[in-house]
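Not measured: the values here are computed from a predicted model.
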Amino acid sequence: MASTRLTAESREQALATLAASTEIATELDVLVIGGGVTGAGIALDAVTRGLSTALVEAQDWAQGTSSRSSKLVHGGLRYLQMLDFELVHEALTERDLLLRELAPHLVRPVPFLYPLEHRVWERAYVGAGIAMYDILATLTPGRRPMPFHRHLTKGQMEAKFPDLAHDAAVGAVQYWDASVDDARLVTTLVRTAASYGAYVASRTQVVSLTQGSTGAVNGAVVVDLETGREITVRARAVINATGVWTEETQELAGQPDSPAGGLRVLASKGIHLVVPRDRIRGHVGLILQTEKSVLFVIPWSRYWIIGTTDTPWRLQPEKPVATSADVDYVLEHANAVLAHPLTREDIIGTYAGLRPLLQPGTKAGTSSAKVSREHTVASPTAGLTVIAGGKLTTYRVMAKDAVDFAIGQRAAALPSITHQIPLTGAIGLKAVQRQARAWSKRFGWRPPMVDHLLHRYGSNLTDLVELCEADPGLAAPLANAPAYLRAEVHHAVSHEGALHLEDVLAHRTRLIYEVQDRGVAAAQEVADIVGPLLGWDDATREREIETWHSRVEAELEALRAPDDETAEHLMEEAEEVAPMRPLGQA
C-alpha cells in the first residue's frame, strides 16, 4: 500500500500522472469527477478492484454538500412512512457496517427520543414503525452494534431530556442511530483511496470532457486552479459524481439535451444551527416532524446541531447560506418543544447545504420534499457514467453501483470489495485507544481532548503523536480555539491535503461554525503553523487571512437577509469589496 498522507507534493505527483495518461500505455481505467462523499467512495471502490483510478475535485474535499449535512449516519426513519423498506434496510445495513467494521472511530451511536403527544394510538403507531426500523436492521448478518428501541414514560423521558417542555409530550420512544463528522469521513475516504494507489487532486477543475472519433467520452481537460496549468486526461471510463452540479458536468460532453439517460437534479436547501451543549439540558437527541421537514436536535461533540429546512434552491449552487427567515423557522420549531427557548444570541454558528435530489423530468414547480432520496446511475453518452441522488449513509452502495455500471461486463470478474476495506484509522484502533492513556500523561491532554483525538483520527493518532514528539509545542491547544491542538493544524497540511487557510478552518477543523467569530481570532495562529509547510511568504499569508475574514463577513451579512435572493446579493456585494476565493464543485 502507498502512504495515506495527502500533501501538496502528493497532489503534484498525481497531476503528473494525469498528464502522462494521454499515452495508451498509461491511460487510466477510471476518472472520477467530484470530491464529495460519493466521488471519494467511487475512487476507493474502483482502486480496490485493481483499476487505475484518479479523483479530481474543483475545490477542497467535501467543499459542498458533503460538509454541510446533519452529521447523521442513519436508516432514514421518515422513509418508513413512505413504505420505502428497501431504502431503509439498505441504509441501516450501511450504518451498521460503518459502526462495526469500516469506520468505528468516526461513526458513533447516538440515542434519539421520538416524543409522543398521544398516550395510546400514537405510541402504538410510532412504536410499530420504530420496531420495524429495528427489525430491518437485524436482517443483516453480524453482531448488532446498537440496542433495540425502548418505550419511555413521561418521567423517564424527562430524565433523559430535562429541557423538553413539560407539556410537549406524554412520553417517548427511544431508538438509536449514529453521527459522523461528514467532512472528516470524506477526507478519510480520499486518504484511504490514495493509500491503495488512487491519484487524487483537489482544486483541479474539469473544464471539458473529451471525446474520441466515435463520440464516446474518453477523458477530460482539467485545470490546476493553483497554477492555471491545463492538463488533458485520458480514461476508459469517466464518472460524474458532482451532486448539485450533475447537470453542469453532463453538459461538458456537449450534449445538454441528450435523451439517452442524462440525470436531472433538484437542489434542496437545508440549514442547521449550532448552539453550545450546556445551553440545552439533555443526554440524547430529539426527532420531531414539522409541517415541511423533520426537526433534529442532535448532540454533536461540544454542541447541539438543530435543523433542518427543506426548501427548493434555484440560485447558484456554490454559496448557499442560512438566511434570517431560515433561522427564525428552525428556532420557532425548536422552541415549541424546549422548556427554555433559544434566542439568536445562543447561536454560535450556522451552515447551509444543498441536497442533490433526483428530479424526473423538469424542475419547474416540484416540491423537493417529495422527491425520492434513492440514487440512480445513467449514461447520457458512451464513456460517461453519471450518478445522482442518494445520501451520505449509502455512499458505499452508490459507489459500487457507479463502478459496476461504468466498467460493464468486467464487473463480474472485478466485484466490489469495499465492505471488507476498513478506512484509514480503523485498523489497530483498540490498541491505540489503550496507548492513548500514556500519551495523555506525557502531553498533558485531558480526557475530553483524548476522546476528541481518537474520534477524529482513530489509530492515525500515532501520526499526531510523532509530530508532538518532534515539536512539543504542537501538543498545546490553539490559543483562540482550545478544542483543537496545534498538531491538528499541522496534520491538516502534512497528512490531509489542506492547501489553504479555508481548508483548515472550514473542513479539517470546523471552526467556521464551532466558535462565535467563525475562526477569525484563530486564523493568524493557524496561518503561522501552515504557512511554512506550504511555502507561504508574508504577502500570501496575509492574503489567506484576509480572504478568510472576507468570507466570514459575507456570510454574516447574508445571515441578516430575509430570503435567498437577498442573501446572494449581499454576499456578492461583500465579495466586490474583499474578493473571496471562489467555491467550486464538491
Can you measure from [atom1] ([X]) to [atom2] ([Y]) and round to the nearest 0.5 angstrom?
| X | Y | atom1 | atom2 | answer |
| --- | --- | --- | --- | --- |
| N240 | I387 | CG | CD1 | 10.0 Å |
| L464 | S494 | CG | OG | 8.0 Å |
| L72 | L392 | CG | CG | 9.5 Å |
| T53 | L31 | OG1 | CG | 9.5 Å |
| D177 | L77 | CG | CG | 7.5 Å |
| T509 | D503 | OG1 | CG | 10.5 Å |

Sequence-distant partners of E158, salt bridge (Lys or Arg N to Asp or Glu O under 4.0 Å), two or more places apart: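 For E158, no residue satisfies salt bridge (Lys or Arg N to Asp or Glu O under 4.0 Å) once neighbours in sequence are set aside.
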Main-chain N/O of H495 paired with R191 side-chain donor or acceptor, under 3.5 Å: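 Yes, because the side chain of R191 sits within donor-acceptor range (under 3.5 Å) of the backbone of H495.
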Y457 six-ring centre to R184 NZ/CZ under 6.0 Å and within 45° of normal: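 Satisfied, under 6.0 Å and within 45°.
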Stacked cation flag K71 on Y351, 6.0 angstrom / 45 deg: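 Output yes; distance and angle both within limits.
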Contact summary for [X] and [Y], nearest pair of heavy atoms:
| X | Y | answer |
| --- | --- | --- |
| C468 | W445 | SG-CZ2, 4.0 Å |
| A267 | V244 | CB-CG1, 4.0 Å |
| L6 | A194 | CD2-CB, 3.8 Å |
| L80 | M132 | CD2-CG, 4.2 Å |
| A475 | F443 | CB-CD2, 3.7 Å |
| G353 | R68 | CA-CB, 3.7 Å |

Hey, can you pull the donor-acceptor pairs under 3.5 Å for the side chains in residues 419-438, sequence neighbours left out?
{"from": "T424", "atom 1": "OG1", "to": "N460", "atom 2": "ND2", "distance (Å)": "2.9"}

Y114 vs W176, ring pair (Phe, Tyr, Trp, His ring centres under 6.0 Å): CA-CA, chis, key distance, verdict: CA-CA 11 Å; Y114 192 114; W176 293 75; over 10 Å; no
Whether H333 and Y329 hold their rings parallel, tilted or perpendicular, with breakpoints at 30° and 60°: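 H333 and Y329: tilted rings.
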Pairing residues for T393 by the side chain to side chain contact (heavy atoms under 4.5 Å, CB included) criterion, not counting sequence neighbours: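 With sequence neighbours excluded, T393 shows a side chain to side chain contact (heavy atoms under 4.5 Å, CB included) to V73, H74, A91, E94, R95, K391, given in chain and number order.
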With sequence neighbours excluded, residues passing side chain to side chain contact (heavy atoms under 4.5 Å, CB included) with V110: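 V110 satisfies side chain to side chain contact (heavy atoms under 4.5 Å, CB included) with F112, S179, P299 once adjacent residues are dropped.
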Qualifying residues under side chain to side chain donor-acceptor pair (under 3.5 Å), relative to R518, sequence neighbours excluded: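 Result, side chain to side chain donor-acceptor pair (under 3.5 Å) vs R518: T350, E555.
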Salt bridge or not for [X] and [Y], using N-O below 4.0 Å?
| X | Y | result |
| --- | --- | --- |
| R5 | E496 | no |
| D310 | R355 | yes |
| R551 | E502 | yes |
| D181 | R108 | no |

Worked check of side-chain hydrogen bond (donor to acceptor under 3.5 Å, both in side chains) between Q174 and R150: CA-CA 5 Å; Q174 177 178 292; R150 290 179 55 205; 5.0 Å; no
Is the [atom1] atom of [X] crowded by more than 12 outside heavy atoms at less than 6.0 Å?
| X | atom1 | result |
| --- | --- | --- |
| Y484 | OH | yes |
| E86 | CD | no |
| F85 | CZ | yes |

For the residue pair [Y] / [X], report whether a side-chain donor-acceptor contact shorter than 3.5 Å exists.
| X | Y | answer |
| --- | --- | --- |
| S70 | H272 | yes |
| D60 | H500 | no |
| E488 | H452 | yes |

Taking the side chain as everything from C-beta on, heavy atoms only, tell me whether [X] gets closer than 4.5 Å to [Y].
| X | Y | result |
| --- | --- | --- |
| L51 | I407 | yes |
| P477 | R486 | no |
| M146 | D96 | yes |
| V32 | V56 | no |
| F296 | L288 | no |

Could you pull out every donor-acceptor pair under 3.5 Å between side chains of residues 277-284 and any protein atom, sequence neighbours left out?
{"from": "R277", "atom 1": "NH1", "to": "S301", "atom 2": "O", "distance (Å)": "3.0"}
{"from": "R279", "atom 1": "NE", "to": "D346", "atom 2": "OD1", "distance (Å)": "2.9"}
{"from": "R279", "atom 1": "NE", "to": "D346", "atom 2": "OD2", "distance (Å)": "3.1"}
{"from": "R279", "atom 1": "NH2", "to": "P341", "atom 2": "O", "distance (Å)": "2.6"}
{"from": "R279", "atom 1": "NH2", "to": "D346", "atom 2": "OD2", "distance (Å)": "3.4"}
{"from": "R281", "atom 1": "NE", "to": "D163", "atom 2": "OD1", "distance (Å)": "2.9"}
{"from": "R281", "atom 1": "NH2", "to": "D163", "atom 2": "OD1", "distance (Å)": "3.0"}

Worked check of side-chain hydrogen bond (donor to acceptor under 3.5 Å, both in side chains) between T309 and T311: CA-CA 6 Å; T309 56; T311 55; 4.7 Å; no
Residues R510, D182; criterion salt bridge (charged side-chain N to carboxylate O under 4.0 Å, His left out); working and verdict: CA-CA 11 Å; R510 310 314 293 274; D182 46 10; 3.2 Å; yes
